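The structure displayed is predicted, hence computed values, not measured ones. Just so you know, these numbers use all the heavy atoms, side chains as well, and skip hydrogens, waters and symmetry mates.
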Amino acid sequence: MLWVSTPSFLPQAYFPYKYLSACPTLGSFSSRKKPILHCRYNLENYREHKGCVLPYEENFGRRLLLFFLVSSGCFPTLSSSAKTKSKNPYDEKRLLQQNKQIQKENNAPEDFPNFIREGFEVKVLASENYITRDSGLIYRDYEVGKGDCPKDGQQVTFHYVGYNESGRRIDSSYMQGSPAKIRMGTKALVPGFEEGIRDMKPGGKRRIIIPPKLGPPVGPSTFFSSKQFEVFDVELLGIKDCERRTIAFYSDVVCE
């Protein structure tokens, strides 16, 4: 049972909440130069007979009403669409101009595609000479070449030059002094690169734009630091058949 005390000279409906005690002890109220008066009231009887509402009960009622209004939807809520950043044509134009300027500084080749990157979203702008496949691979043939296309197990010999979205050269077999030689179907090539040269013919020249999902792995062990589009200019030099040769305990593949 909770007990409190109140001075006799105050109205009976008044209740000094700052002297409320939360333990079953006798509270007290004192006034200077006046004797200390003690009275004991049962809180339940006090509320019932005097019609008094305790301040802490009134605050609890207000909090309960506020919770009901918010949970019932009486207060308007913020729309989630307000948090979505809308695309501004001006920003897209500005990003395009920045990409063109960077490519110019990096001496990107002629008819090089432009990339508008905003965060992880990238928009590729290329001329009508480029063809886009269902896989997302984009390419353009400069020379078709002659002969048959390479098949799994065959060895392809080719020159290549690799670029990033900024038009900066990242790798080149010409600078290495010798063409690359890879067997098809052995997963030795980037998926997008192998798809790009699979239907090429010897003597053909093609520019391949590889999307991130068909690109190389990223990480500290590679020179690719993020998921970007990669551009390769490829020249297919030749195709050779290969066969496995086994001598005693030694086995290898010979391409002739």
Side-chain angles (χ1 to χ4, degrees), residues 92 95-117 120-152 154-218 222-239:
E92 187 172 296
L95 293 173
L96 175 61
Q97 293 300 326
Q98 289 180 354
N99 184 248
K100 288 183 177 180
Q101 180 63 29
I102 294 175
Q103 289 182 358
K104 182 178 180 181
E105 295 174 357
N106 290 331
N107 297 320
E110 186 180 357
D111 197 23
F112 198 82
N114 294 113
F115 300 90
I116 301 176
R117 173 177 286 275
F120 291 101
E121 297 183 4
V122 183
K123 185 177 181 180
V124 182
L125 299 181
S127 64
E128 298 179 353
N129 297 322
Y130 287 86
I131 299 174
T132 303
R133 292 180 177 175
D134 294 337
S135 63
L137 186 75
I138 305 173
Y139 70 95
R140 175 189 174 181
D141 283 321
Y142 291 92
E143 295 183 18
V144 177
K146 298 179 180 180
D148 297 328
C149 299
K151 301 177 183 179
D152 288 344
Q154 291 182 321
Q155 183 188 69
V156 291
T157 304
F158 58 90
H159 272 301
Y160 70 92
V161 181
Y163 305 89
N164 59 15
E165 295 176 2
S166 301
R168 183 172 62 89
R169 182 180 300 177
I170 56 178
D171 195 10
S172 172
S173 61
Y174 295 102
M175 296 181 64
Q176 296 175 5
S178 62
K181 297 180 180 181
I182 296 294
R183 289 180 61 206
M184 299 290 291
T186 59
K187 297 183 179 180
L189 293 172
V190 173
F193 194 98
E194 183 168 342
E195 179 183 345
I197 66 175
R198 184 171 290 276
D199 57 347
M200 289 183 66
K201 299 178 181 180
K205 295 182 180 180
R206 172 178 291 184
R207 175 169 293 163
I208 305 170
I209 305 174
I210 303 176
K213 62 181 180 180
L214 298 177
V218 298
T222 66
F223 53 81
F224 299 100
S225 59
S226 63
K227 291 289 186 180
Q228 291 192 359
F229 280 79
E230 307 295 338
V231 182
F232 289 92
D233 287 342
V234 184
E235 179 183 3
L236 185 59
L237 301 178
I239 302 173

| query | Please walk me through it: do Arg117 and Glu121 pass salt bridge (Lys or Arg N to Asp or Glu O under 4.0 Å)? | reply | CA-CA 6 Å; Arg117 173 177 286 275; Glu121 297 183 4; over 6 Å; no
| Worked verdict on Arg169 versus Asp233 for salt bridge (Lys or Arg N to Asp or Glu O under 4.0 Å) | CA-CA 11 Å; Arg169 182 180 300 177; Asp233 287 342; over 6 Å; no
| Would Glu194 and Lys187 satisfy salt bridge (Lys or Arg N to Asp or Glu O under 4.0 Å), going step by step from the backbone distance to the final call? | CA-CA 8 Å; Glu194 183 168 342; Lys187 297 183 179 180; over 6 Å; no
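Atom CG of Asp152 sits in a crowded spot, with more than 12 heavy atoms from other residues, nucleotides or ligands closer than 6.0 Å.
The CG atom of Leu95 sits 12.5 Å away from atom NZ of Lys100, with the distance rounded to the nearest 0.5 Å. Note that the CD1 atom of Ile197 and the CD atom of Glu235 stand 12.5 Å from one another [nearest 0.5 Å]. Put simply, CD on Glu195 and CG on Leu137 are 4.5 Å apart, with the number rounded to the nearest 0.5 Å. Between the CG atom of Leu237 and the OG1 atom of Thr157 there is a distance of 6.5 Å, given to the nearest 0.5 Å.
No side-chain heavy atom of Ser172 sits under 4.5 Å from any side-chain heavy atom of Tyr160.
Here the shortest heavy-atom pairing between Cys149 and Lys201 reads SG-CG, 4.0 Å. The heavy-atom pair separating Pro202 from Asp148 by the smallest distance is CD-O, 3.4 Å.
Counting only residues at least two apart or in different chains, side-chain hydrogen bond (donor to acceptor under 3.5 Å, both in side chains) contacts with residues 136-145 comprise Asp111-Arg140, Asp141-Arg206, Tyr142-Arg207.
At a cut-off of 3.5 Å, with distance as the only test, a side-chain donor of Gln103 or Asn114 sits close to an acceptor on the other residue.
With Lys213 contributing its side chain and Ser135 its backbone, the two residues share a donor-acceptor pair below 3.5 Å.
In this structure, Phe193 and Phe232 have perpendicular ring planes: the angle between them is above 60°, well past the 30° mark. Using a 30° and 60° split on the angle between ring planes, Phe112 and Tyr163 fall in the perpendicular class, above 60°.
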